[in-house]
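Just the heavy atoms: all of them, side chains too, but no hydrogens, waters or symmetry mates, feed the values below. Residue numbers start from 1 in every chain, and the chains themselves are labelled A, B, ... in the order their sequence lines are given, proteins ahead of strands.
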Amino acid sequence: MKSVFIIKKFFLNFLAILISIVTILPFVWMISASLMKSGESAKFPPRLFPEQLDFSHYIFLFQNLEMTRNFINSLLVSILVTCISLLFNSMAAYAFAKLRFGIKDKLFKFLLSLMIIPAQVSMLPLFLMLKEMGFINTYLGIIIPGMASVFGIFLLRQYMISIPDSLIDAARIDGASDFKIFFTIMLPLSRSALITLGIFTFIGTWNDFLWPLIVMTDSSMYTLPVALANLMGEHTQDTELMMAGSVITVIPVLIIFAFVQKYYISGIMIGSLKE
Amino acid sequence: MHWWHPISETGLKTNMSDDLLWLPFLVIHYIKETNDYTILDEKVEYYDDKENLEPILNHSIKAIDKVLSRFSERGLPLIGAGDWNDGLSAVGLEWKGESIWLTEFLYLILNEFIEILNKLNYFKTNEYLTRANKLKEAFEKHAWDGEWFYRATKDNGEKIGSNDSEEGKIYLNPQTWAVISNIANKEKQNIALNSTEKYLIKKNGPVLLYPAYSKPDYLIGYLSRYAPGRRENGGVYTHAATWSIWAFSLIKKKELVYEIYKKLSPVLNGLNPDEYMVEPYVTPGNIEGPDSPLYGMGGWTWYTGSAAWLQKVIVEYLIGVRAEKNGLLLDPNFPDDWDYVRFIPVVTTLVAVAIVWRYIYHPKFGLFNYILSFFGIDPIDWLGDPVFAMPAIIILTVWKNFGYNMILFIAGLQNIPKDLYEAADLDGASSWFKFKSITLPLLAPTTFFISIMTMIGYFQLFAEPYVMTQGGPLNATLSIVLYMYQEGFRWWNIGYSVSIAFVLFVIILIGTLIQFRYEKRIHY
């Protein structure tokens, strides 16, 4: 019995380690290839680690290409979309969770039903609208569509419903306005939901590809993923350079994720599991 | 020699009883690390007999034998003028006081050295085996104090580190080494470490003893003459504290392993400089304990033994990579909530990932074909062959979503009542049977949810084919959204593009309706 147990345990551990290796291997290769000399990664058999560390591809990306600009674009757009959408989503969520008005339930159901429509479907009309307004190839072209989201309102509303009404009533008796209640009671108490949604929004905006690809027409306005895909067209053969570009695109998200993974994972649960 | 300065070639000759055993300890670890038994034949001189060259094996045997010759009537080794804890400098000056910690240390050395001697067919093997067993018997009979192991006995027979003691009721080392040496039975190991957690682990890690001595005890030694809470007198003594990481890793208390590491970390302690006061970039020898008015202050930085041990336990017991006789052992003790690795693909930028995989799929230099070549599979032109291009993209997407779906499955698993498994265990069900008749059926709602959501999600496939194949070869990887994008934003066939989008909408609507409709029915 005991030896069977050990074999089983060994097998399960082996499987877990194997899966982890499969998961991590492409990233290891990405980082190490980005540090190889030009052409070194296109050798057979493939090398897993560089013979000599070579940072020239990173330097080239930032000095000769517009990566710095693209990096700033990505950062700026992601931060602005996150902050603005948190503000609007939470305001709407407060209204749906705690205020009383006639069409509240109907409106909320209508909003929820919008979640079924995939973003791609509304892309063309949205693009034509923004074009009329003159926002194509501007930061606003990304920021405006991202200012509020049904999912964000839904997530925050579910959280805010659990905040006791008595707190709001007490503040109201003391003469606090709705804005005051919102900023001094609701926002601080919804902190963990706000953080979760903020992370989702930031990572989502940072990683988004299709919309920036459509809206930004000038290479100096590209966000990192678009710039990277564009680079792919010109530098297909420069494996090491492409890997360096990929590392730059991926690293900021990974760093953020390392610090906030608890919130991220709990957010997945809120968004997808139903009782 | 109690210590040794290599440059001036001086050391301190004492009657401390454990010094002898660190030579075999080093030899054992050297052999585990290198598998090089020739070290035992290396000839070196004696400190007090420079003419006499003998192999290290003889040096080690003599050291062990010396300790074995100093035993009490109860069958426990004598402490002499202190053991590892040199502050217990007056405990056994008349060679009557015993050391429980030394008992544990000796037991470990005997057992590990026996394995080496076995390899050499050395004649002492059986003798050591008998002594080790007797040692264990004596330990079981005398060392337990009720909730933990006491530390030592004085020359007059009085216990140190016992619940009966006035101060210094519990010491750290006898608890940690009871586990490290495996001399105690599992039950007592657990009780002893629970007591350690309860009484000894404080703000900056486990203190060496608790509560601190408030007045000198001339039968204990200079340890009791330190101010309360300072250094060995109830402070955190880093060298010994690292051993608690070792011990907790052995009983798989992963959270504590990491917790203690964080408490000891000079970097984290340095975030509170007004209290910690010393350099945050070197491991300190000690940190003041709760009985000190300067609770939390570091001391004796640049103390090499502490730094070396901290590094050793991090690598070998937190990360869990260590050399054993039969090879390299991987036994990580990261806290369970470190799911980071498997989640990396989920949060990373799709475009970057697709580009990386494009090179991994390279027909000539790609990693993937290289790995397949070990199984005798000929190179495949993954992205260039209409047959393989779509499977290649599917493999990538499965890989990318693995962590996400895993989290959902884990959540589903946690909802399955534990008593079902317990009932099945009682009936003697095999794990395959349990998987087939409990896990799978009860996981069905989760599986259903994940399947539908993944399907809906990948009707929206775009960045992967855009970056890797541009929809080719021969449109083999042309997805709906990519088609929509090409028609709408490349050729400006707006009406055509919108119709494609509408078809996508209908497909997704159907998927969602199925999800809504069957979700309730399939619930258990």
Intermediate values then yes/no, side-chain contact (heavy atoms from CB on, under 4.5 Å), B:V356 and A:M242 | CA-CA 8 Å; B:V356 172; A:M242 289 310 300; over 6 Å; no
Enclosure of [X] [atom1] (heavy-atom neighbours >12, cutoff 6.0 Å):
X: B:W491; atom1: CH2; value: no
X: B:F502; atom1: CZ; value: no
X: A:K109; atom1: NZ; value: no

Looking only at non-hydrogen atoms, find the nearest pair between [X] and [Y] and report the distance.
X: A:V250; Y: B:A352; answer: CG2-CB, 3.5 Å
X: A:A229; Y: B:V467; answer: CB-CG2, 4.3 Å
X: B:A501; Y: A:V121; answer: O-CG2, 3.3 Å
X: A:L124; Y: B:G488; answer: CD1-CA, 4.4 Å

Does B:W399 use its side chain to pair, donor to acceptor, with the backbone of A:V22 at less than 3.5 Å?
-> yes
Rounded to the nearest 0.5 Å, how far apart are [atom1] of [X] and [atom2] of [Y]?
X: B:L482; Y: A:Q120; atom1: CG; atom2: CD; answer: 11.5 Å
X: A:M123; Y: B:F489; atom1: CE; atom2: CZ; answer: 7.5 Å
X: A:D208; Y: B:L350; atom1: CG; atom2: CG; answer: 10.5 Å
X: A:S246; Y: B:W357; atom1: OG; atom2: CH2; answer: 13.5 Å

In terms of ring plane angle, is the pair A:F209 and B:Y466 parallel, tilted or perpendicular, where the classes change at 30° and 60°?
-> perpendicular
Using a 4.5 Å cut-off on heavy atoms from C-beta on, say whether the side chain of A:M232 contacts that of B:R358.
-> yes
Heavy atoms, side chains only, cut-off 4.5 Å: are A:L128 and B:I494 in contact?
-> yes
For [X], is it the side chain, the backbone, both or neither that has a heavy atom under 4.5 Å from a heavy atom of chain A?
X: B:F459; answer: neither
X: B:F462; answer: side chain
X: B:S497; answer: both
X: B:L513; answer: neither

Do you know which of B:L367, B:I508, B:I450 has the most heavy-atom pairs under 4.5 Å to chain A?
-> B:L367
Who wins among B:T512, B:V481, B:V498 for the most heavy-atom pairs under 4.5 Å with chain A?
-> B:V481
Choice from A:I248, A:T239, A:T249 maximising heavy atom contacts with chain B below 4.5 Å | A:T239
Among A:I117, A:L210, A:I203, the residue with the most heavy-atom pairs under 4.5 Å to chain B is A:L210
Would you check, one step at a time, whether the test side-chain contact (heavy atoms from CB on, under 4.5 Å) holds for B:I355 with A:L228?
-> CA-CA 9 Å; B:I355 284 177; A:L228 194 64; 3.5 Å; yes
Is it the backbone or the side chain of A:L25 that comes under 4.5 Å from a heavy atom of chain B, or both, or neither?
-> side chain
